[in-house]
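Below, all heavy atoms of this structure are taken into account, side chains as well, without hydrogens, waters or symmetry copies. Just so it is clear: chains get the letters A, B, ... in the order the sequence lines come, proteins before strands, and each one is counted from 1.
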Amino acid sequence: MTTDELKGLEVASEVDARGTACPGPLLEAKRAIADCPADGVMCVLSSDEGTIIDIQRWSKKMKYEYLGDLEDDGFWRIFFRKTS
Amino acid sequence: MSEEKQNMEEQITQLMARVDELEENAPNDSLCLGVMDGDYDKTMAAFIIALGAVAYDMEVDMFFTFWGLSALRDPKKKVKKDLLGKMFGAMLPKKASKLPLSKMQMMGMGPPMIQAVMKMHNADSLDELMKKAGEFGVRIHVCTMAMDVMGMKKEEMIDYPHIDYVGVGAFVGMFQEAKQCWFM
């Protein structure tokens, strides 16, 4: 997805894992995904760059659709869709 | 023709039996970790990997033996012990946060330094990782033989939601059924 497409996404569930280190953000995503509606977009906020690849691989395994990431001021917004 | 058909049916029956057998012996999507080193860093690595596996919906069994047991002690819990047990108890680290480092121990200066640096980088401490592991259903199995040798009692172990006390038989059973087993 392009930056503009990512910015325009309607996020169903957001989890702020900034300030936590590995494996915090992945676990926060795992915890929050249960409450995300099916086909909803989830956004994970992480200040740990490693989370991007973590979520990419993890969403592949979980059969979610990885959408991309946006870099913000010292953190990243990482998007994926809870495809069912 | 009917003979051919019969042969086919026989082959299918045999195949089905083999598939059943294979399915029965197929590994679970689980990870088995043997934790023997009583080092702060190595125990921490074990818990980080366990939690990563949990995120992938894997079940995790951690088997703690020998020096690994120190991580599971709760210093607030006092129990009666014989002389040898008392000696071991006094010489071994009293809780997870008191474990030594495998490197840069620097006569006791290393661990508080590393823990301060970890805090600076928002990395979870071993205590926090263990608490999370409990929340996410990571199972801890404690080797009773090692407990006996070191004079440790169930009554002095941490309050962990999924803890039990087992022998090597249970551990072998676990790693036979698991997809992966690491001993660290």
Would you kindly confirm whether M58(B) and M184(B) end up in one hydrophobic cluster when ILVMFWY residues are joined by side chain heavy atoms under 4.5 Å apart? yes

Give me the atom names and distance for the closest heavy-atom approach of A21(A) to A123(B). CB-CA, 3.6 Å

Group every Ile, Leu, Val, Met, Phe, Trp and Tyr by side-chain heavy-atom contacts under 4.5 Å, then state whether V79(B) and L72(B) land in the same group. no

Tell me, yes or no, whether the heavy-atom count around M104(B) atom CE, taken from other residues, nucleotides or ligands under 6.0 Å, exceeds 12. no

Write out, in numerical order, the residues from residues 125-158 of chain B with a heavy atom short of 4.5 Å from a heavy atom in chain A. L129(B), K132(B), E135(B), F136(B)

Could you tell me which portion of D48(A) (side chain, backbone, both or neither) has an atom closer than 4.5 angstrom to a non-hydrogen atom of chain B? neither

For M91(B), is the CE atom crowded, meaning more than 12 foreign heavy atoms sit under 6.0 Å from it? yes

Go through it in stages, so that I can follow the logic: the residues are L51(B) and L27(A), the test is side chain to side chain contact (heavy atoms under 4.5 Å, CB included), and I'd like the CA-CA distance, side-chain angles, deciding distance and then a yes or no. CA-CA 7 Å; L51(B) 285 167; L27(A) 282 174; 3.8 Å; yes

Joint hydrophobic cluster, I78(A) plus V11(A), side-chain heavy atoms closer than 4.5 Å: no

Would F75(A) and V41(A) show up in the same hydrophobic cluster when neighbours are defined by side-chain heavy atoms closer than 4.5 Å? no

Within 6.0 Å of NZ in K81(B), more than 12 heavy atoms from elsewhere: yes

The reported gap from OG in S47(A) to CG in N122(B) (rounded to nearest 0.5 angstrom) is 6.5 Å

For atom NZ of K60(A), decide whether the heavy atoms of other residues, nucleotides or ligands shown that lie under 6.0 angstrom number more than 12. no

Donor-acceptor check, side chain of Y56(B) to backbone of K61(A), threshold 3.5 angstrom: yes or no? no

